[in-house]
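Below is one structure, written out as structure tokens; the observations come after it.
Keep in mind that this is a model prediction, so the values were computed, not measured. In this chain, residues are counted from 1 in sequence order.
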Amino acid sequence: YTSKDWTGVYGEKDRLASFIETNTDIAGQTSTRGQDKLVYDALGRMVSYNETNTDAFGIESSQVWTATGFDEEDRVIGYQTRETTPAGEQLRRRNNITHTASGRIASYDEEVEVAGANGTPLITKTRWSGAVYGSSGDLLSYNESTTNPAGETSSHQWGGKYDSLGRLVS
């Protein structure tokens with residue numbers, strides 16, 4: 001059992017300007033997620049926000065999300081996030097996002113950059129593609145290829161099955 005409390009603030013043109021969400025689990029531990037500085041472009045598309053999170057153990061993290069492109073249907077086709085945690089900072093760039101006819105993500109390219117021991121950027125690249133969705137919208141399969149900072153590549157294909165309630169079972 002988890003209870004959830006959500007409070008939002010609306011600003012100009014009745015667009016969401018910020019929110020805070022508090023989740024409390026059965027043991028009474030709380031976690032929070034908040035977004036502020038939500039920025040919209042002239043077409044009403046969200047182009048950036050700041051997010052802060054605190055987990056049930058009090059560990060804080062934050063990120064800044066920025067859209068880098070939209071398609072002709074105003075869907076995000078590129079973005080970057082800069083996340084700061086107690087372990088350090090990481091920059092994630094997701095680009096070339098494509099969508100299925102029903103609007104679900106079909107593929108994307110991603111780079112995740114962290115600082116190495118000597119400050120040199122370590123970049124992991126991922127190509128996620130071939131997404132197949134079922135009639136109820138569940139993700140049924142996809143392909144993923146990842147190249148680590150040493151240049152080594154690994155690939156795998158994922159396939160999932162769902163029960164009659166739509167829960168992933170394998």
Side-chain angles (χ1 to χ4, degrees), residues 2-8 10-11 13-23 25 31-53 55 61-85 90-114 123-148 152-170:
T2 298
S3 67
K4 183 179 290 194
D5 180 49
W6 186 93
T7 304
Y10 293 83
K13 297 184 181 180
D14 288 327
R15 293 182 179 139
L16 185 63
S18 66
F19 72 84
I20 185 81
E21 178 181 279
T22 303
N23 295 294
D25 68 17
S31 60
T32 61
R33 180 173 77 104
Q35 289 183 358
D36 65 4
K37 299 182 182 172
L38 282 74
V39 176
Y40 301 85
D41 68 10
L43 298 176
R45 303 175 301 196
M46 186 182 305
V47 295
S48 66
Y49 62 82
N50 294 350
E51 182 172 300
T52 55
N53 296 283
D55 70 14
S61 64
S62 63
Q63 74 170 0
V64 176
W65 180 92
T66 306
T68 57
F70 296 90
D71 66 12
E72 63 280 348
E73 295 185 38
D74 291 331
R75 297 176 296 205
V76 173
I77 58 171
Y79 67 86
Q80 74 173 26
T81 60
R82 182 172 299 277
E83 183 176 11
T84 304
T85 69
Q90 90 172 7
L91 176 63
R92 178 181 309 270
R93 295 178 203 92
R94 189 171 285 184
N95 293 297
N96 303 317
I97 300 171
T98 64
H99 298 85
T100 65
S102 63
R104 301 197 183 282
I105 293 178
S107 64
Y108 61 82
D109 295 315
E110 182 174 84
E111 289 185 352
V112 176
E113 178 181 323
V114 297
I123 299 173
T124 300
K125 297 179 180 184
T126 301
R127 173 72 178 151
W128 191 88
S129 63
V132 175
Y133 297 88
S135 59
S136 61
D138 295 325
L139 180 62
L140 300 178
S141 65
Y142 66 86
N143 302 308
E144 187 173 72
S145 177
T146 302
T147 304
N148 68 21
E152 303 163 327
T153 299
S154 63
S155 298
H156 76 274
Q157 184 175 19
W158 179 87
K161 294 184 181 174
Y162 300 83
D163 66 14
S164 61
L165 297 175
R167 298 175 297 195
L168 182 65
V169 294
S170 68

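Side-chain contact annotation: T32 with T22, donor-acceptor N/O pair under 3.5 Å absent.
For the atom pair CG of L38 and CE of M46, the computed distance is 4.5 Å after rounding to the nearest 0.5 Å. Interatomic distance, CG of D55 versus CG of N23, reported as 12.0 Å (0.5 Å rounding). Residue E110 holds its CD atom at 10.5 Å from CZ of R93, rounded to the nearest 0.5 Å. Here the straight-line distance linking atom CG of D74 with atom CZ of R45 works out to 5.0 Å at 0.5 Å rounding. Of the inter-residue distances, the one linking S135 atom OG with L140 atom CG reads 8.5 Å to the nearest 0.5 angstrom. Taking OG1 of T153 as the reference point, atom CG of N148 lies at 7.5 Å (rounded to 0.5 Å).
Of all heavy-atom pairs spanning I97 and G78, the tightest one is CD1-N, 4.0 Å. The two residues A17 and G11 make their nearest non-hydrogen contact at CB-N, 4.0 Å. For the residue pair D5 and T7, the shortest heavy atom distance occurs at OD2-OG1, 4.1 Å. Shortest non-hydrogen contact noted between L139 and A131 is CD1-CB, 4.1 Å. Nearest heavy atom pair, residue W6 against residue G8, reads CZ3-N, 3.4 Å. Minimum interatomic distance between V114 and Q90 (heavy atoms only, all atoms of both residues): CG1-CB, 3.7 Å.
Using bins of under 30°, 30° to 60° and over 60° for the plane-to-plane angle, the ring pair H156/Y142 lands in the perpendicular bin.
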Practice problem: Quick one: do R94 and T81 satisfy side chain to side chain contact (heavy atoms under 4.5 Å, CB included)? Show the steps, please. | Solution: CA-CA 9 Å; R94 189 171 285 184; T81 60; over 6 Å; no

Quiz item: Would V76 and W65 count as a side chain to side chain contact (heavy atoms under 4.5 Å, CB included) if you check the C-alpha gap in whole Å, the side-chain angles of each, and the deciding distance to 0.1 Å?
Solution: CA-CA 12 Å; V76 173; W65 180 92; 4.2 Å; yes

Quiz item: Given L16 and Y10, is the side chain to side chain contact (heavy atoms under 4.5 Å, CB included) satisfied, shown in steps?
Solution: CA-CA 4 Å; L16 185 63; Y10 293 83; 3.8 Å; yes

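Between Y162 and L168 the shortest side-chain heavy-atom distance falls below 4.5 Å. Looking only at side-chain heavy atoms (C-beta outward), E144 and T126 come within less than 4.5 Å of each other. Looking only at side-chain heavy atoms (C-beta outward), I105 and W128 come within less than 4.5 Å of each other. Proximity of R127 to S107: side-chain heavy atoms (C-beta onward) are separated by under 4.5 Å at one or more points.
By the side-chain hydrogen bond (donor to acceptor under 3.5 Å, both in side chains) test, E51 is found to be paired with R33, Q35, N53, residues two or more places apart in sequence or in another chain being considered. E72 pairs by the side-chain hydrogen bond (donor to acceptor under 3.5 Å, both in side chains) definition with nothing, not counting sequence neighbours.
Heavy-atom neighbours of D14 CG from other residues, nucleotides or ligands within 6.0 Å: at or below the threshold of 12.
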